[in-house]
Amino acid sequence: MSDKLKRMKTILAEVTDLSRAAAVLEWDQETYMPPGGVAARSDQLSTLLRLSHVRFTSDEVGRLLSELEEETAGLPYDSYEASVVRVTRRDYDQEHKLSPELITEVARASSTARPVWLKARREGDFKLFAPALEKNVELNRRIADALGYKDRPYDALLDRSEPGMTTDELEAIFAELKKAIVPLIADIARHADAVDDRVLYRGFEPAVQVRYALDVVSKLGYDLERGRQDISAHPFSTSFGPGDVRITTRVSRDFFNECLFGSIHESGHAMYNQGMGDDIDRTPLWGGASPGVHESQSRLWENLVGRSLPFWKHFFPSLRSAFPEPLRGVDDEGFFRAVNRSYPSLIRVEADEVTYNMHVLLRFELETELLEGTLKVSDLPEAWNERVKSYLGINVPNDREGVLQDIHWSSVSFGIFPGYTIGNLVGAQLMEKVRADIPDLEAGFERGEFVALLAWLRKNVHRHGRKFTPNELLERATGRPLTAAPWIAYVRRKYGALYGIKPARI
Ligand code: ZN
C-alpha cells in the first residue's frame, strides 16, 4: 500500500470513528436516555457530525484523492485500492456539490416544517402544511440542480441514495409492478374470507415475546457475541463497527406480528453489517450498497424466510410451548396463513407484503410530478386520494390517514421512498438465485438450518459493503440488473395459493 493511501486511510478511519461515536449517542437517545438529556445530546451529536464533515471534506482529502486516482488508474475495478478511491470520490463530490448555505437552509426548513406537519396531521388539515411543503419541494429542486443531472431532476436525488439508478428505469419497473399487482389486490379482496388472522390478537405476554424473538433471530444467524437487542418506540438497527451491531424491537400484547417480525426485519439489516469484510472496516466501503439493498436484507429474512411455511413448520412447536393459551387449537399451517393475511389499508407502515409496494409507487409518482412541476402542491391531496382508490380500491376518509401520514415530506428528502420497494424486489431477485444454487434450501428451513442462506448472502452481498452499486452487485450475484419479475412471480405463487385464486386469473 502506498504512503498516500495509508495517509488517506488514516483520515477515513478518523471520520468513521467520529460518525460511529455519534451512532452510539443516537442509540442511547432512542433506548435509555432520560428525557432531560435531549438538549445536551443534540449539542454533542452536532459537534461530532460537524467534526466528521470537516475532516472528510478537507482539501487534504481532495488532493490525496486526485493523486490516488492516478496511482490506481490501471488497477482492476473491483480491487480494494481502486474501490476505496472510487467510492470515497463519490461521497466527497456529493458533499462538496452542496454549498454550506444550501445545507443550512435545508436543515432550517426541515426543523421548521416538522412541528407544522405534526399540527396539520393532528388536525387533518393539509392546508396548514402546504406552504412548508412548497418550500421543501423548491429545496429538493435546488439540491437536484446543485448535484446535476442529465435528463430529469429526480435522477440526481435518486442517484444520491441508489447510486446508478435512473428515474426512467424505475418508472418502467414500477409500471410492470402496477400492471401485475393491482389486479392481484382486487382478486385477494374478492377472496378475503380465505385467511383468518384473529389468532394474532389473542394476547401474547410481552416479556416472553421479546425473549422468543431474540432466540429466533440468533437461530437465523444474528451473532449475539457481536450484537444485542433492546426496546425502542421505532425499531432500528445500528452499527458501531463489525464487532457491535445492535437491533431494537417493540412489543404489543394485543398484536403478535409487531415484535417477532420487527426483530427479524432488524436482524436482517444487522446480519448484513455483521457480514461485511474486516478488510473494508473504517473506510467508506463499510456499509450497505444503498438503502434499497439494505432493505432487501431485512425484507428477505422477514418475509421470504419468516413468513414462509417451512419456517413455521420448524418454529411453530416452540412458539406453541411459549404461548400455550393463545395458540390453543391452532396448527403451523393455520399460523402461517394468519401472519400472511393481505388486505388493502390506508397506512403504509402497516401494509402487508402485497399491498406495500403500491403505497411506495404512488409516493414515487407524486414526488416526481411535484419535482418536475406537473403537479401543484395544492392539488396533492386530491391526486393522493385518486391513486389510493385506483391502486388499492379504498377511499381515503381524511388527510391524516392520507397525504399527511408520513414524516418524510416534512423534511427535504425526495428520493428516499423508492428504496423500500427496491428492497422488496432485490430480496426476491436474490432469493430466486439462492434457490437455484441451493436446491434443498427450504427443506433445511424446516429442520431449522439457515446457515446455507446466510453463507450465500455473506459471499455474494454482505462482504462487499459499498464496493459495488446496487445494479453492479445484482449483476454479479444474479446475472442481471434489477427486475420486478422474481418478486411478481413470488407473490402470485404465494398469495394465489393462500387465497385460492385460480391460476387463469393470476
Ligand atoms: Zn428496514
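Atoms within each ligand, like the ligands themselves, are counted from 1 in listed order.
With sequence neighbours excluded, the residues forming a side chain to side chain contact (heavy atoms under 4.5 Å, CB included) with Arg202 are Val199, Pro326, Val330, listed by chain and number. Considering only residues two or more places apart in sequence or on other chains, Arg160 meets the side-chain hydrogen bond (donor to acceptor under 3.5 Å, both in side chains) condition with none of them.
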Quick one: side chains of residues 233-241, donor-acceptor pairs under 3.5 Å with protein atoms, not counting sequence neighbours, listed by atom name and distance.
from, atom 1, to, atom 2, distance (Å)
Ser239, OG, Asn273, ND2, 2.8

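Under a cutoff of 6.0 Å and an axis angle of 45°, Arg348 and Tyr420 form a cation-pi pair.
Ring pair Trp312/Phe316 is perpendicular by interplanar angle, where above 60° counts as perpendicular and below 30° as parallel.
Protein atoms of type N, O or S found under 2.8 Å from the Zn ion (ligand 1) total 3.
Ring centroid separation for the pair Phe417 and His408 comes in under the 6.0 Å cut-off.
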